[in-house]
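Proteins get letters first, then strands, A, B, ... in listed order; numbering begins at 1 in each.
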2 protein chains.
Amino acid sequence: MNIGEVAARSGVPAKTIRYYEEIGLIPPADRGSNNYRDYGTREVETLRFVQRARSLGFGVKEVAGLLELYRDRRRTSREVKRLAKQHIAEIERKIVELEAMRATLAELVERCHGDHRPDCPILADLAGEPRQTRTG
Amino acid sequence: MNIGEVAARSGVPAKTIRYYEEIGLIPPADRGSNNYRDYGTREVETLRFVQRARSLGFGVKEVAGLLELYRDRRRTSREVKRLAKQHIAEIERKIVELEAMRATLAELVERCHGDHRPDCPILADLAGEPRQTRTG
DNA sequence: CTTGACCTTCCAGTTGCTGGAAGGTCCAGA
DNA sequence: TCTGGACCTTCCAGCAACTGGAAGGTCAAG
């Protein structure tokens with residue numbers, strides 16, 4: 001199977017598959033006599049796994065860890081659960097940060113007349129004291 | 001005022017101030033005879049503005065737009081409000097995306113025993129059908 | 001035998017910084 | 001006067017996770 005076919009079946013663009021190979025997330029593909037990468041269904045499955053994990057927001061390094069666990073028959077579900085929980089915590093941290101931004105902005109937008117005049121509480125707020133930068 | 005002082009007063013690291021200058025977000029600073037950048041309180045204010053806008057999640061290009069409006073006495077608050085609302089929409093899009101990830105992960109974590117055995121619904125799910133990739 | 005859709009590699013750009021090297025400057029204290 | 005450390009300067013590299021594009025090889029159909 002050529003890379004285009006794998007891309008179509010896994011949902012991972014050909015370009016990205018090559019990139020994953022380059023950074024070592026997936027092993028180098030076999031090559032045909034024409035030097036084309038040659039894949040089987042196993043590789044498609046691996047890439048689907050990667051695609052799904054990425055779509056859940058796991059970073060590439062975390063995906064590498066999950067992939068290792070996936071392939072390890074002696075893994076414990078405890079370890080998998082730990083990674084997942086850790087990732088949920090990270091997502092929640094981001095949500096909290098975004099919610100705070102939204103709240104501040106919503107309040108400012110609420111107070112802004114949004115007319116032809118230059119007076120604007122949004123700009124007035126931005127011109128005020130330094131705000132706390134996001135942690136992390 | 002040297003760049004270190006400005007950094008302390010504005011909350012923007014010296015390194016970042018130079019970077020902002022390089023990309024044109026702020027105008028090139030005056031230079032002293034020793035070639036050190038020389039700033040006044042106006043520059044500190046500008047950098048505070050930038051710092052606050054960035055902390056609300058505005059991208060550098062958006063900050064450039066806000067800064068332009070800030071300096072334009074003939075601006076309309078309508079325009080500022082429009083930018084802010086647009087940014088809120090973007091933030092909300094991200095929140096929705098993160099919430100979806102959290103929901104999926106929470107459900108999987110809930111179903112995972114998290115014990116010494118290898119059986120794991122989290123990995124089973126990842127090994128399933130391709131999921132929709134995030135839009136944008 | 002040509003055309004077009006594949007495939008290959010490599011380089012550059014994206015976003016927003018941050019770290020570090022190599023070197024110049026300034027000021028306080030011995 | 002010298003020295004040391006804390007400044008400042010520029011430039012180069014790297015992070016994350018790709019994506020776009022150029023230049024060129026391959027393959028199958030008509």
Of B/Glu45, B/Glu5, B/Arg48, the one forming a side chain to side chain contact (heavy atoms under 4.5 Å, CB included) with B/Ser10 is B/Arg48

| Does the side chain of A/Arg37 get closer than 4.0 angstrom to OP1 or OP2 of C/dC7 through an N or O atom? | no

Whichever of A/Tyr36 and A/Tyr19 has the more 5' nearest nucleotide on DNA chain D, that residue is A/Tyr19

query = Looking only at side-chain N and O atoms, does B/Arg54 come under 4.0 Å of OP1 or OP2 in C/dC17?
reply = yes

To the nearest angstrom, the NZ-P distance between A/Lys15 and C/dT8 comes to 11 Å

B/Tyr39 OH to D/dT9 P, in whole Å, measures 7 Å

Taken to the nearest whole Å, CD1/B/Ile23 to P/C/dC17 is 7 Å

* Below 4.0 Å: OP1/OP2 of C/dC26 and any side-chain N or O of B/Asn34 -> yes

Quick one: does any side-chain atom of A/Asp38 pair with a main-chain N or O of A/Met1 as donor and acceptor, under 3.5 Å?
yes

- Hey, does the side chain of A/Arg31 come within less than 4.0 Å of C/dT9's phosphate (OP1/OP2), counting only N and O? yes

| task | Taking the side chain as every heavy atom from C-beta outward, state whether A/Tyr39 and A/Ile3 have any pair of such atoms under 4.5 Å apart. | result | yes

Salt bridge present between A/Glu97 and A/Lys94 (N-O < 4.0 angstrom) = no

Looking only at C/dT18, D/dA16, D/dT26, the nucleotide nearest the A/Lys61 side chain is D/dA16

In whole angstroms, the gap separating P of D/dA6 from CG of B/Asn2 amounts to 16 Å

Taking for B/Val60 and for B/Ser33 the nucleotide of DNA chain C with the nearest heavy atom, the one nearer the 5' end belongs to B/Val60

